[in-house]
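What you are looking at is a predicted structure, and each value in this text was computed from that prediction instead of being measured. Start at 1 and go down the list; that is how both ligands and their atoms are numbered.
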Amino acid sequence: MNKTPCLTVAIPVYNEQDVIEELINRVAQVLDAIPGGPHQIVIVDDGSHDDTAKLLSQAVAVDPRIVAVSFSRNFGQQPAYAAALEYAEGDAVVLMDGDLQDPPEQIPALLARYNEGFDVVYAVRVNRKENILKRTCYNLFYRLIKRLSKTTLPRDSGDFSIISRRVADLLVRDADRHRYLRGIRSWVGFKQTGIEIERAPRAGGDTKYTLRKLFRLAADGIFSFSLIPLRLATLIGALSVFVALGLTVFATWARFTAPDKLPEFMSEIPAGFTAQLVAISFFAGVQLMFLGVVGEYVGRIFEEVKGRPSFIVESVIGNSAKCKANMQKTTDSSTIITGGGDRENPTS
Ligand code: UDP
Ligand code: MG
């Protein structure tokens, strides 16, 4: 394995004006100390409406290693990672959040493990700094998805990782459709391992992941990687048919052969009223719930069929690093590049 791979650090940012400077300084400093450079920093601005874009273009002017990709609007963190991967030219790619919760100073540790011959080295989060509610939700989610999915999705591992060129290529092909990068990263296989890295608190600003976005990500994780919710519908359906069958036998028997043997309370209320009420509301609930589950999958199929890109690039500034001198991707600021499907060649 190449001992000094040229690295690309891929970072999604959304309204991160408070941290962008510190982010770039710290990443640049870490990369300076890693042989094999000049390395590359790809920062994807996910439709920020604060000063992120301005700060990015200033940074690009100063540091030729930086490529800044801007989306036409906010598409979400996972599409932003997918876009960053498209522009990543390194032999290995480091994926990390832009709020410095993933400390750039840990990149050498990831790289050291990577150089032992792994294709993927991901950070396992220890000592999360989030509040207790968020921590509990994360915990539940990772345990749930571990049970539900056939792919072994490593617990408590986020996007912070280093991946090889071949894994990056596979992710580029697949990532934007799945929108759950760490799932597909695990699904591709090869030699993977995790190292424990403490997750720092945010360096500034507030979380850009609203609860709604977080639930959408969790749903993407579950429904893209498991058919168990659907099978659960079959199972519960079968169970209720079984129970209903028993009730039918009992009701028929009571009605025709032994009306006097009915328990006292059942003779006081109109026959079958309670049973009907319970059965109707329970089964209606179960049916609606699983209609929702089926809907989740149908919705996903619908989105796949439409084949719409999961992001639109409005502009790209900065020269790519010279990892692959023959693959220069400098573009003018009006190039429209869409994620998924065939990408236009930005240089043509
Ligand atoms: N992010 C993004 N688009 C979004 C939301 C977040 O690019 O729509 C970026 C954000 O700037 C950060 C990373 O994704 O670099 C992780 O987001 P955040 O820290 O807000 O999430 P949390 O760590 O709170 O779950
Ligand atoms: Mg964060």
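Ligand 1 places these atoms under 4.0 Å from at least one heavy atom of G98: 12 (C), 15 (O). Every atom of ligand 1 is numbered from 1 in the order shown, and the set under 4.0 Å from a heavy atom of R199 is 23 (O). Using a 4.0 Å cut-off to heavy atoms of G76, the atoms of ligand 1 that qualify are 3 (N), 8 (O). Ligand-side atoms of ligand 1 in range of R202: 18 (P), 19 (O), 20 (O), range being under 4.0 angstrom from any heavy atom. Counting the atoms of ligand 1 from 1 in the order shown, those under 4.0 Å from a heavy atom of V13 are 7 (O), 11 (O). Interface of E16 with ligand 1, defined as ligand atoms under 4.0 Å from a residue heavy atom, comprises 10 (C), 11 (O), 12 (C), 15 (O). Every atom of ligand 1 with a heavy atom of N74 under 4.0 Å away is listed here by number and element: 3 (N), 4 (C), 8 (O).
Around the CD atom of Q17, the shell of radius 6.0 Å holds more than 12 heavy atoms that belong to other residues, nucleotides or ligands. For E22, the CD atom counts as densely surrounded, since its 6.0 Å shell holds more than 12 non-hydrogen atoms of other residues, nucleotides or ligands.
In this structure, R166 forms a cation-pi arrangement with F190, its terminal cationic atom sitting closer than 6.0 Å to the ring centre and no more than 45° off the ring axis.
Of all the heavy atoms of D97, the ones lying under 4.0 Å from any atom of ligand 1 are found in both the backbone and the side chain. Using a 4.0 Å cut-off between heavy atoms, Q77 contacts ligand 1 through both its backbone and its side chain. Neither the backbone nor the side chain of Q78 comes within contact range of ligand 1; no heavy atom lies under 4.0 Å.
Considering backbone and side-chain N/O atoms, D46 comes within less than 3.5 Å of an N/O atom of ligand 1. When only interatomic distances are considered, the shortest N/O to N/O separation between P12 and ligand 1 falls below 3.5 Å.
Side-chain N/O atoms of Y81 and D46 include no donor and acceptor closer than 3.5 Å. Remark: the R202 side chain and the Q101 side chain contain no N/O donor-acceptor pair separated by less than 3.5 Å. Residues T8 and Q40 bring a donor and an acceptor atom of their side chains to less than 3.5 Å of each other.
Within the structure, the closest approach of M96 to ligand 1 does not fall below 4.0 Å when heavy atoms are considered.
Not one N, O or S atom of D97 sits under 2.8 Å from the Mg ion (ligand 2).
The CZ atom of R26 lies 13.0 Å from the CG atom of L31; values are rounded to the nearest 0.5 Å.
Within D99, the N, O or S atom at minimum distance from the Mg ion (ligand 2) carries the name OD2.
Ring to ring, F75 and F71 are close: their centroids are under 6.0 angstrom apart.
Counting heavy atoms from C-beta outward, L291 and V293 have side chains that stay 4.5 Å or more apart.
What you find for G194 and V124 is that their closest heavy atoms are CA-CG2, 4.1 Å.
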